[in-house]
There are 2 protein chains.
Amino acid sequence: MEKYLEYTKVFKALGDPKRAMIVDMLSCGELCACMILEKFEMSQSTLSHHMKILCECGLVKGREEGKWTYYSLDADAISKTKQFFCNITSDKENCICKENINGCRGCGENE
Amino acid sequence: MEKYLEYTKVFKALGDPKRAMIVDMLSCGELCACMILEKFEMSQSTLSHHMKILCECGLVKGREEGKWTYYSLDADAISKTKQFFCNITSDKENCICKENINGCRGCGENE
DNA sequence: AGATCATATTGACACTTTTCGATTTGGCGC
DNA sequence: GCGCCAAATCGAAAAGTGTCAATATGATCT
């Protein structure tokens with residue numbers, strides 16, 4: 001159950017087009033906040049807020065260097081997320097849907 | 001840009017732990033709504049709302065049979081989503097972050 | 001030390017989302 | 001046709017989200 005919460009946080013972060021674009025931008029390497037800001041019509045505080053969400057879910061890491069902050073993707077978080085997505089979308093043994101659930105006549109027990 | 005919107009809708013749908021669990025449940029095969037409902041502490045109207053969101057983003061398909069509605073994952077939507085996720089998280093040519101952007105002194109131009 | 005620049009934080013607002021109970025719709029069996 | 005069942009829709013309340021301007025923080029430069 002906590003596993004779901006952990007990853008739904010990541011999906012929630014990606015569930016905003018601007019944040020998804022930011023991830024896309026970062027996919028080729030580190031960028032400082034000011035560079036990301038240039039590419040969006042968005043106030044500086046709004047960008048900072050989006051970056052915080054991306055960092056808090058683990059997908060992005062921030063590295064401070066002097067007055068600048070450089071952001072980059074966290075490869076480990078990304079591969080774990082990919083795996084989680086594959087997990088919840090592919091067939092497996094002992095899945096809930098294979099249990100015999102009583103009281104639901106729509107599930108094939110008495111037809 | 002529309003591509004982002006299309007898929008962020010999917011991520012938004014997965015950005016709720018209960019919906020992620022529902023997807024997980026459906027990963028092994030079709031289930032009727034009543035069976036899903038049994039597994040959650042959630043009102044019937046709330047479940048119906050979640051199923052609508054999952055269907056609207058394309059991840060899930062509903063099939064009506066008599067008074068029951070059976071839900072299942074859409075394999076095509078899933079593989080496309082996986083691909084989109086891989087796309088925005090992996091390195092590529094001509095990425096924005098490789099452009100030479102003026103005015104941002106934090107991006108390595110004058111150090 | 002004071003000015004300036006890059007970010008982060010705060011507070012406020014509009015908008016969206018989650019949730020429920022109540023109602024509606026449509027199928028099935030008597 | 002009538003009542004029952006499964007699911008969808010409606011309306012409302014509470015919580016969460018995206019956004020901005022204003023302010024705070026903290027580093028660098030003169």
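Keep in mind the model is a prediction, meaning the values are calculated, not measured. Sequence lines set the chain letters: A, B, ... in the order given, protein chains first and strands last, and positions in each chain run from 1. Only this structure's heavy atoms are used, side chains among them; waters, hydrogens and symmetry mates stay out.
Distance CD1 (B:I22) to P (D:dA7): 13 Å, rounded to an integer number of Å. Distance B:L31 CG to D:dA7 C1': 16 Å, rounded to the nearest Å. Rounded to whole angstrom, the span from the CD1 atom of A:I36 across to the P atom of C:dA6 amounts to 14 Å. Taking atom CE of B:M42 as the reference point, atom P of C:dC20 lies 7 Å away to the nearest angstrom. If you take CZ of A:R63 and C1' of C:dT7, they are 15 Å apart, rounded to a whole angstrom. In this structure, A:E64 atom CD and D:dT28 atom P are separated by 11 Å, rounded to whole Å. Rounded to whole angstrom, the span from the OH atom of A:Y70 across to the C1' atom of C:dA8 amounts to 18 Å. In this structure, the CG atom of A:L37 is 13 Å from the C1' atom of C:dC5, given to the nearest Å.
Put simply, OG1 on A:T89 and CG on B:L59 are 8.0 Å apart, with the number rounded to the nearest 0.5 Å. We find the CD-CZ distance between B:E6 and B:F11 to be 11.0 Å, quoted to the nearest 0.5 Å.
A:S72 is linked by a side chain to side chain contact (heavy atoms under 4.5 Å, CB included) to A:E30, A:K61, counting only residues two or more places apart in sequence or in another chain. Applying the side chain to side chain contact (heavy atoms under 4.5 Å, CB included) criterion to B:Q44, with sequence neighbours excluded, gives B:L37, B:S48. A search for side chain to side chain donor-acceptor pair (under 3.5 Å) contacts involving A:S43 returns A:S45, A:T46, not counting sequence neighbours. Residues passing the side chain to side chain contact (heavy atoms under 4.5 Å, CB included) test with A:C55, sequence neighbours excluded: A:V60, A:Y71. Applying the side chain to side chain donor-acceptor pair (under 3.5 Å) criterion to B:K80, with sequence neighbours excluded, gives B:D76. Listed by chain and residue number, nothing satisfies the side chain to side chain donor-acceptor pair (under 3.5 Å) test with A:H49 (two or more places apart in sequence, or in another chain). Here B:T8 pairs with A:P17, A:A20, B:L5 under the side chain to side chain contact (heavy atoms under 4.5 Å, CB included) rule; sequence neighbours left out.
Side-chain atoms of A:K67 lie closest to D:dA27 of the nucleotides D:dA7, C:dT7, D:dA27. If you check C:dA8, D:dC20, C:dC20 against the side chain of A:Q44, the one that comes closest is C:dA8. Checked against D:dC20, D:dA8, C:dT7, the side chain of B:Y71 finds its nearest nucleotide in D:dA8. For A:S45, whose side chain is taken as the heavy atoms from C-beta onward, the closest listed nucleotide among D:dC5, C:dT9, C:dT7 is C:dT9.
Near-neighbour residues of DNA chain C inside residues 8-16 of chain A, defined by a heavy atom below 4.0 Å, are absent. Near DNA chain C, meaning a heavy atom under 4.0 Å from it, residues 46-58 of chain B has B:T46, B:H49, B:H50, B:I53 in order of number.
Between B:K18 and C:dT19 there is a side-chain polar atom (N or O) within less than 4.0 angstrom of OP1 or OP2.
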Problem - Intermediate values then yes/no, side-chain contact (heavy atoms from CB on, under 4.5 Å), B:L31 and B:Y70 - result: CA-CA 5 Å; B:L31 288 176; B:Y70 290 89; over 6 Å; no
Practice task
Take B:M21 and B:K39, measure what side-chain contact (heavy atoms from CB on, under 4.5 Å) needs, and give me the verdict at the end.
Solution key: CA-CA 10 Å; B:M21 279 191 240; B:K39 287 288 170 183; over 6 Å; no
Can you pull every protein N or O that's under 3.5 Å from an N or O on nucleotides 11-13 of chain D?
none

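For residues 10-20 of chain A, the set of pairs meeting the salt bridge (charged side-chain N to carboxylate O under 4.0 Å, His left out) definition, not counting sequence neighbours, is empty.
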